[in-house]
Amino acid sequence: DRGQVGVHRGGVAPAHQFHQRTDPMTEGNLVETDVPGDFAKPGFVIGKAVAMHQHDGHGPDAVVMGGDLVNRGPRPAECLEYVLEKQQAEGWRFVRGNHEDYVISRADPGIAEDEPAFEVHRASHWTYEQLGRDLSPLQSMPFQQSLYGPGSSEVRIVHASMRNNRDGIYSETTDLDLSRKIAPPGKQCPPPAVLVVGHTHRPLIRQLDGTLVVNAGSAGLPFDRDP
């Protein structure tokens, strides 16, 4: 039932409730967004969400990390190592966020440390160093992931919107602009039944035409003014 969609402060959206024909007690998928670089957050938040939605001893069928796993946090290497282990052991999936792109950009040999632009991204450079300058895990993260329910209805996960991973969706986004963030003109991407996003650090549920848009909020640094 679409009325049962839950957006949990803490960056987790239970995707098992996103479609009318999906039984919320037997289909379980979780999306977590915007950790960022805080080793404690993925395990704690996902563990709490699994406990909330567990049924007959079964955890979620799929876990998708919705981007911004690293950067602006104290333990990016440990955080990345944790979720990579979960990818290998339990099939967790990822999408790339803008902060992954910021860290990847630090490998540009043309960046001089005495330039003002370096100071803007000093935190990203620190994260780059903490990761041992190994960017391969970040570079391998795709722009989007898709899960499919009964009747092949698509739940699509991207970091911010279908335009790019910095173009977020807000409550004040107009319907016209939202339609372009769901299905950008010129891109061969028909609107999904459900679009799950993050980036803004603000939980949100919106419906436009045949697409339900869910922002899972953030597992760290919430911007919703709710202490």
*If you count the non-hydrogen atoms of other residues, nucleotides and ligands that lie under 6.0 Å from CD in Gln188, is the total more than 12?*
no
*Is Leu208 close to Val213 at the side-chain level, that is, under 4.5 Å between some pair of heavy atoms?*
no
*Are Ser171 and Leu204 side-chain neighbours, meaning at least one heavy-atom pair lies under 4.5 Å?*
yes
*Within the side chain of Thr127, is there an N or O that forms a donor-acceptor pair under 3.5 Å with the backbone of Ala123?*
yes
*Could you tell me which non-hydrogen atom of Leu178 sits nearest to which non-hydrogen atom of Thr173, and how far apart they are?*
N-CG2, 3.7 Å
*asked:* For Leu147 versus Ala62, what's the shortest heavy-atom pair and its separation?
replied: CD2-CB, 4.2 Å
_Qualifying residue for side-chain contact (heavy atoms from CB on, under 4.5 Å) with Pro184, from Ser179, Cys189, Ser161_ = Cys189
*Trace of the side chain to side chain contact (heavy atoms under 4.5 Å, CB included) decision for Val63 with Met65*: CA-CA 7 Å; Val63 174; Met65 305 300 294; 4.3 Å; yes
*Hey, could you give me the NZ/CD1 distance between Lys187 and Ile182, rounded to the nearest 0.5 Å?*
13.5 Å
_When you group the ILVMFWY residues by side-chain heavy-atom contacts below 4.5 Å and let the links chain together, are Tyr82 and Val103 in the same group?_
yes
_Glu90/Lys86 salt bridge by N-O under 4.0 Å criterion_ = yes
_Between Tyr128 and Leu135, is the side chain to side chain contact (heavy atoms under 4.5 Å, CB included) condition met? List the steps._
CA-CA 8 Å; Tyr128 174 51; Leu135 299 174; 3.7 Å; yes
*Could you tell me which non-hydrogen atom of Thr174 sits nearest to which non-hydrogen atom of Arg206, and how far apart they are?*
C-NH2, 4.1 Å
_Side-chain donor/acceptor of Arg180 to backbone N/O of Arg163, under 3.5 Å_ = no
*If you group Ile, Leu, Val, Met, Phe, Trp and Tyr by side-chain heavy-atom gaps below 4.5 Å, do Leu69 and Tyr102 land in one group?*
no
What pairs of donor and acceptor atoms, side-chain ones from residues 138-145 against any protein atom, are under 3.5 angstrom apart with sequence neighbours left out?
from, atom 1, to, atom 2, distance (Å)
Ser140, OG, Ser136, O, 3.4
Ser140, OG, Pro137, O, 2.9
Gln145, NE2, Phe94, O, 3.0

_Can you see whether Asn98 engages His159 through a side-chain donor-acceptor pair at a distance of less than 3.5 angstrom?_
yes
*Run the side chain to side chain contact (heavy atoms under 4.5 Å, CB included) check on Val197 and Lys181 step by step: do they pass?*
CA-CA 11 Å; Val197 299; Lys181 292 175 189 249; over 6 Å; no
*Is it true that Arg166 and Asp101 make a salt bridge, defined as a side-chain N closer than 4.0 Å to a carboxylate O?*
no
*Shortest non-hydrogen contact from His99 to Asn71?*
ND1-ND2, 2.8 Å
*Begin with the C-alpha distance, continue with both residues' side-chain angles, and end with the deciding distance and a verdict on side chain to side chain contact (heavy atoms under 4.5 Å, CB included) for Val194 and Thr211.*
CA-CA 5 Å; Val194 180; Thr211 298; over 6 Å; no
*same_hphob_cluster(Trp126, Val70) at 4.5 Å side-chain heavy-atom cutoff*: no
*Which heavy atom of Leu195 sits nearest a heavy atom of Ile169, and at what distance?*
CD2-CD1, 4.3 Å
*Looking at Gln130 and Pro76, what are the two nearest heavy atoms and their distance?*
CB-CG, 3.9 Å
_Taking the side chain as everything from C-beta on, heavy atoms only, tell me whether Asn215 gets closer than 4.5 Å to Pro203._
no
_OG-CZ distance between Ser146 and Arg156, expressed to the nearest 0.5 angstrom_ = 5.5 Å
*Distance, nearest 0.5 Å, that separates CG of Asp177 from CD of Glu172*: 10.5 Å
*Same cluster for Tyr170 and Val196 if Ile/Leu/Val/Met/Phe/Trp/Tyr side chains link at under 4.5 Å?*
no
*Exam field: side chain Gln87 to backbone Ala89, donor-acceptor pair closer than 3.5 Å*: no
